[in-house]
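Shown next, in structure tokens, is the structure this report addresses.
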Protein chains: 2
Amino acid sequence: MSAGDATILLVDDHSVVREGYRSVLEKQPGLRVIAEAADGTEAYRLYKSEAPDLVVMDLSMPGIGGIEAVRRIRQWDKGAKILVFTMHENAGFAVQAIRAGARGYVTKTSPPETLVRAVMDVLAGKIAISPDIDHELALSRISGESSAADVLTPREFEVMRLLLAENTTEEIAATLHVSPKTVANLHSLIKDKLGVNSDIELVRLALRQGILTPVDLGGT
Amino acid sequence: MSAGDATILLVDDHSVVREGYRSVLEKQPGLRVIAEAADGTEAYRLYKSEAPDLVVMDLSMPGIGGIEAVRRIRQWDKGAKILVFTMHENAGFAVQAIRAGARGYVTKTSPPETLVRAVMDVLAGKIAISPDIDHELALSRISGESSAADVLTPREFEVMRLLLAENTTEEIAATLHVSPKTVANLHSLIKDKLGVNSDIELVRLALRQGILTPVDLGGT
DNA sequence: GCAATGTCGTGAAATTTTCCCGGCGCCGGC
DNA sequence: GCCGGCGCCGGGAAAATTTCACGACATTGC
């Protein structure tokens, strides 16, 4: 290995996908992949033992997710350089990742050049965000998704909670001792205030903002 | 090209991931990757022009999803050999993919050997299912609980997927090239078949059955 | 061939959603 | 003490959607 070689740790739970990272990165002179991990815990362990110059990490992994892995590694080494490379084209995830200590966020839909460029930038000490996420962030700044807890009155929030949990408009009306009409009006008003067009979007927003938790749905 | 070379078309919207497929598959003598597509429509077009012996296809892609792409390709060529290679470790998707005409279903968490083995099996005319999905299928058979994939026709399942992911009825109609009215009818029929009364319940059921993953709810 | 099933669409009724409206009560500022 | 604003409650009517009944067509299986 030459003196200037930068060492890299790859983290992704899909081995065939890691093969892709490796293939792309090792075509680049000066980069060397020295280790691979399939989940966050293993990544943390390998970071401590291998001390790579850079970590390229996926977010959705079994066990502790990528965000938590980023946090732990940064807790152990304040100077750790971590580049998040994920399928999630979502500004929210990017914000969370950067806050957790990631130095870059690139989506998997990006062409290989973008990944390589981001790797180089992060190694050089810069922050690297892929163009699509930059765009998303700009959009969210402009039309900014309103936090439900922020824009809704207590009553509206309560109705929203019940809509997500209970069944029908009538049941909610009975629970709150108001007319079904009022519930319907509030339902409409809530969607308006949150800027969503359908109940499906409403559920998605609620999950995104942690108002509904996946465990509450009885799922896997 | 040698007489025994099998030609392969790769379909995945993540270029770096395709690099992984390619790297793994081309290490295998007798396999040759002749084309790559980034979405279902392109896959269909390339299949017709390149006539590969095998298609290795992801499921979650922009535009028409992988399931629909499988259906279209099989409609055009009844003998098409398509191996689905996806991150979804969910029996429901597997059932739908096989019904749509896929000859194999392998998850991305599988080691490269499993993918290679499945490719060989499908080329040899066998049906290839990765062990983890076999297990899932066995479990779902035991629990006897009727899943969405069970009671819905392929088309209905596809519309449901789009309803959960996309936005409006009109957009889905445009994507599938059918009338908005048809989508609305299917929407209603789906809720009827699954025994839910609202879109909110529909989302909850989808989450419970792993058709939607909580972490994936970010997308715009 | 014939029945069963899946797909696609129309039309009309039933229901819901949405918008606009007013009334009530509470609170803070003047 | 009197407003003005806001949360809260619901009526009415128009608009949109959902649902139901029905027919057509292609494919599949017997």
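Chain identifiers are assigned alphabetically (A, B, ...) following the order of the sequence lines, protein sequences preceding nucleic acid strands; residue numbering begins at 1 within each chain. Note that the structure is a prediction, hence the values are computed from the model and not measured. Below, each value reflects all heavy atoms present in this structure, side chains not excepted, and no hydrogens, waters or symmetry copies.
Here A:Arg18 does not pair with A:Asp12 in a salt bridge; the nearest charged N to carboxylate O distance is not below 4.0 Å. The pair B:Arg22-A:Glu19 fails the salt-bridge criterion, with no side-chain N (NZ, NE, NH1 or NH2) lying under 4.0 Å from an Asp/Glu carboxylate O. One finds a salt bridge joining B:Arg161 and B:Glu158 here, because a Lys/Arg side-chain nitrogen approaches an Asp/Glu carboxylate oxygen to under 4.0 Å.
Here A:Thr182 reaches the OP1 or OP2 of D:dG10: one of its side-chain N or O atoms lies under 4.0 Å away. The phosphate of D:dT19 has OP1 or OP2 within less than 4.0 Å of a side-chain N or O from B:Ser188. Listed pair B:Lys191 / D:dC20 fails the phosphate criterion, with no side-chain N or O lying under 4.0 Å from OP1 or OP2.
You'll find that the side chain of B:Lys78 is closest to D:dT28, out of D:dT28, D:dT18, D:dG10. Distances from the side chain of B:Asn185 to the nucleotides D:dT28, D:dG10, D:dC20 place D:dC20 closest. The side chain of B:Glu156 lies closest to C:dT7 when the candidates are C:dT10, D:dG12, C:dT7. Taking every side-chain heavy atom of B:Lys181 into account, D:dT19 is the closest of C:dG9, D:dT19, D:dG11.
Rounded to whole Å, atom P of C:dT17 lies 9 Å from atom CG of B:Asp199. Atom CD of B:Glu201 and atom C1' of D:dT18 are 15 Å apart (whole Å). Separating the CD1 atom of A:Ile190 from the C1' atom of D:dC8 is a distance of 13 Å, rounded to the nearest angstrom. For the pair A:Asn197 CG and D:dT17 P, the interatomic distance rounds to 11 Å; values are reported in whole Å. Here D:dT17 presents its C1' atom at 14 Å from CD1 of B:Ile172, a figure rounded to the nearest Å. Atom CG in A:Leu186 sits roughly 8 Å away from atom P in D:dC8 (whole-Å rounding). Atom CG in A:Leu189 sits roughly 10 Å away from atom P in D:dC8 (whole-Å rounding). B:Ile200 has its CD1 atom 13 Å from the P atom of D:dT18, to the nearest Å.
Residues satisfying the salt bridge (charged side-chain N to carboxylate O under 4.0 Å, His left out) test with B:Asp199, not counting sequence neighbours, are B:Lys191.
B:Asp13 and A:Thr109 are not linked by any side-chain donor-acceptor pair at a separation below 3.5 angstrom, with hydrogens and angles left out of the test.
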Q. Do B:Phe93 and B:Phe157 pass the ring-ring contact (aromatic ring centres under 6.0 Å, His included) test, and can you show the C-alpha distance, the side-chain angles, and the key distance before you say yes or no?
A. CA-CA 9 Å; B:Phe93 276 107; B:Phe157 191 80; 5.8 Å; yes

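Within the 4.0 angstrom heavy-atom criterion, only backbone atoms of the sugar-phosphate kind lie near A:Ser179; the bases stay farther away. Using a 4.0 Å heavy-atom cutoff across all strands shown, B:Asp192 reaches no nucleic acid atom at all. Within 4.0 Å of B:Lys193, counting heavy atoms only, lies no atom of the nucleic acid at all.
Few gaps surround CD on B:Glu50; more than 12 heavy atoms of other groups in view lie less than 6.0 Å from it. By the 6.0 Å contact criterion, CZ on B:Arg74 is enclosed, its count of non-hydrogen atoms from other residues, nucleotides or ligands being greater than 12.
Bending across the helix from C:dG1-D:dC30 to C:dC30-D:dG1, expressed as the angle between its end axes from five pairs apiece, amounts to 30° (10° rounding).
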